[in-house]
Amino acid sequence: RVSQVVRSAAFSENSPATLAFIKYDLGMLLLDSPVESVQPTPVLQDLRMTQGDTVTVIGRGANELLRGEEELGQGRIGDFLVDDANGSVIVTTSLVKKSSTCPGDSGAPVFKRIGGNLLAIGVVSAGTNFTNSQGKCVVNGRGLSVFVDLQSESSQLFLSQFDGVQ
């Protein structure tokens, strides 16, 4: 059970959706008791993302193939190509045509595969896509997605207040 939700004090939902504010779009769910049945995913350290890198997102939001209400909340995996990484945020486009992050994916984990292991590198924050009147995700333009970079100074400062975050 979640006992507390902690948000970055530097982020406000009323802030403009600019890279200067998105880099603070982090939160932490504190649980009543430890979850011992799963191995935590380590956060990647000392390997900055660069243009051309590939990252993976596991989201649960709307999607372009939505057939009905039962499809919402189904986990989906997508690979993305890094367009830009400035040390605070990671900007990507999808590697799969008509697939991208969509409304409801915010907060989803972003991973980098290294040697067969998935390492956490970011959190989904924003994108250019939207949901139409049928609830389907519409990929807008190149389907840009913006992720908070967990290796950034602002992310590390936020995460350092929690025991056990590696």
Side-chain angles (χ1 to χ4, degrees), residues 2 5-13 15-31 35 38-64 73-96 99-130 137 139-166:
V2 174
V5 176
V6 181
R7 297 179 182 174
S8 171
F11 182 78
S12 166
E13 291 181 21
S15 299
T18 64
L19 299 183
F21 288 103
I22 288 174
K23 71 180 183 179
Y24 298 113
D25 188 9
L26 285 175
M28 182 70 74
L29 300 177
L30 302 180
L31 306 177
V35 176
V38 294
Q39 183 71 18
T41 302
V43 175
L44 180 64
Q45 300 291 328
D46 302 323
L47 182 62
R48 297 283 181 199
M49 296 297 98
T50 59
Q51 185 177 23
D53 283 344
T54 302
V55 298
T56 300
V57 173
I58 301 175
R60 293 189 169 283
N63 75 86
E64 67 284 350
Q74 297 294 314
R76 290 179 180 74
I77 299 174
D79 291 325
F80 295 78
L81 186 65
V82 174
D83 283 347
D84 187 24
N86 68 9
S88 297
V89 297
I90 301 166
V91 180
T92 66
T93 52
S94 177
L95 285 176
V96 180
S99 177
S100 189
T101 58
C102 295
D105 285 333
S106 295
V110 182
F111 301 98
K112 175 72 180 160
R113 186 176 299 279
I114 297 179
N117 297 309
L118 288 177
L119 301 173
I121 59 138
V123 176
V124 175
S125 179
T128 60
N129 304 322
F130 60 93
C137 181
V139 177
N140 188 15
R142 294 177 46 222
L144 291 176
S145 298
V146 182
F147 311 138
V148 176
D149 187 339
L150 291 177
Q151 297 182 87
S152 71
E153 185 178 333
S154 56
S155 293
Q156 289 296 308
L157 182 62
F158 175 75
L159 294 173
S160 70
Q161 64 186 307
F162 305 101
D163 292 332
V165 176
Q166 309 170 15

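For the single chain, residues carry numbers from 1 onward in sequence order.
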Counting heavy atoms not belonging to [X], are there more than 12 under 6.0 Å from its [atom1]?
| X | atom1 | result |
| --- | --- | --- |
| Y24 | OH | no |
| R7 | CZ | no |
| E153 | CD | no |

field: For F147, the option from T101, V91, D25, I22 that meets side chain to side chain contact (heavy atoms under 4.5 Å, CB included)
entry: T101
field: Sole residue of D53, V123, I121 in side chain to side chain contact (heavy atoms under 4.5 Å, CB included) with I90
entry: I121
- line: Shortest non-hydrogen pair, F162 vs M28, comes out as CZ-CB, 3.5 Å
Distance-minimising heavy-atom pair for A108 and V57: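 Distance-wise, the nearest heavy atoms are CB-CG1, 4.3 Å.
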message: Would you compute the distance between atom CG of L47 and atom CE of M49 and round it to the nearest 0.5 angstrom?
response: 4.5 Å
query: When rounded to the nearest 0.5 angstrom, what distance separates OG in S125 from CG in D149?
result: 12.5 Å
- prompt: side-chain contact (heavy atoms from CB on, under 4.5 Å) between V2 and L31: does it pass, once the steps are laid out?
  reply: CA-CA 4 Å; V2 174; L31 306 177; 4.0 Å; yes
message: Taking the side chain as everything from C-beta on, heavy atoms only, tell me whether V124 gets closer than 4.5 Å to S145.
response: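 The answer is no; the side chains never approach within 4.5 Å.
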message: Does any part of the side chain of V43, heavy atoms only, come nearer than 4.5 Å to the side chain of L119, both counted from C-beta?
response: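 In short, these two side chains do not touch, never coming nearer than 4.5 Å.
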task: Report yes or no: does Q45 contribute a side-chain atom to a donor-acceptor pair with the main-chain N or O of Q151 at less than 3.5 Å?
output: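 Not confirmed, Q45 side chain does not pair with Q151 backbone.
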query: Does the side-chain contact (heavy atoms from CB on, under 4.5 Å) test come out yes or no for V110 and L150, once each step is laid out?
result: CA-CA 9 Å; V110 182; L150 291 177; over 6 Å; no
- prompt: Of the options T54, T92, T56, which is the one that meets D79 in a side-chain hydrogen bond (donor to acceptor under 3.5 Å, both in side chains)?
  reply: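 Looking at T54, T92, T56, the match for D79 under the side-chain hydrogen bond (donor to acceptor under 3.5 Å, both in side chains) is T56.
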Distance-only donor-acceptor pairs under 3.5 Å for side chains of residues 80-87, two or more places apart:
from	atom 1	to	atom 2	distance (Å)
D83	OD2	R142	NH2	2.6
N86	OD1	S88	N	2.7
N86	OD1	V89	N	3.0

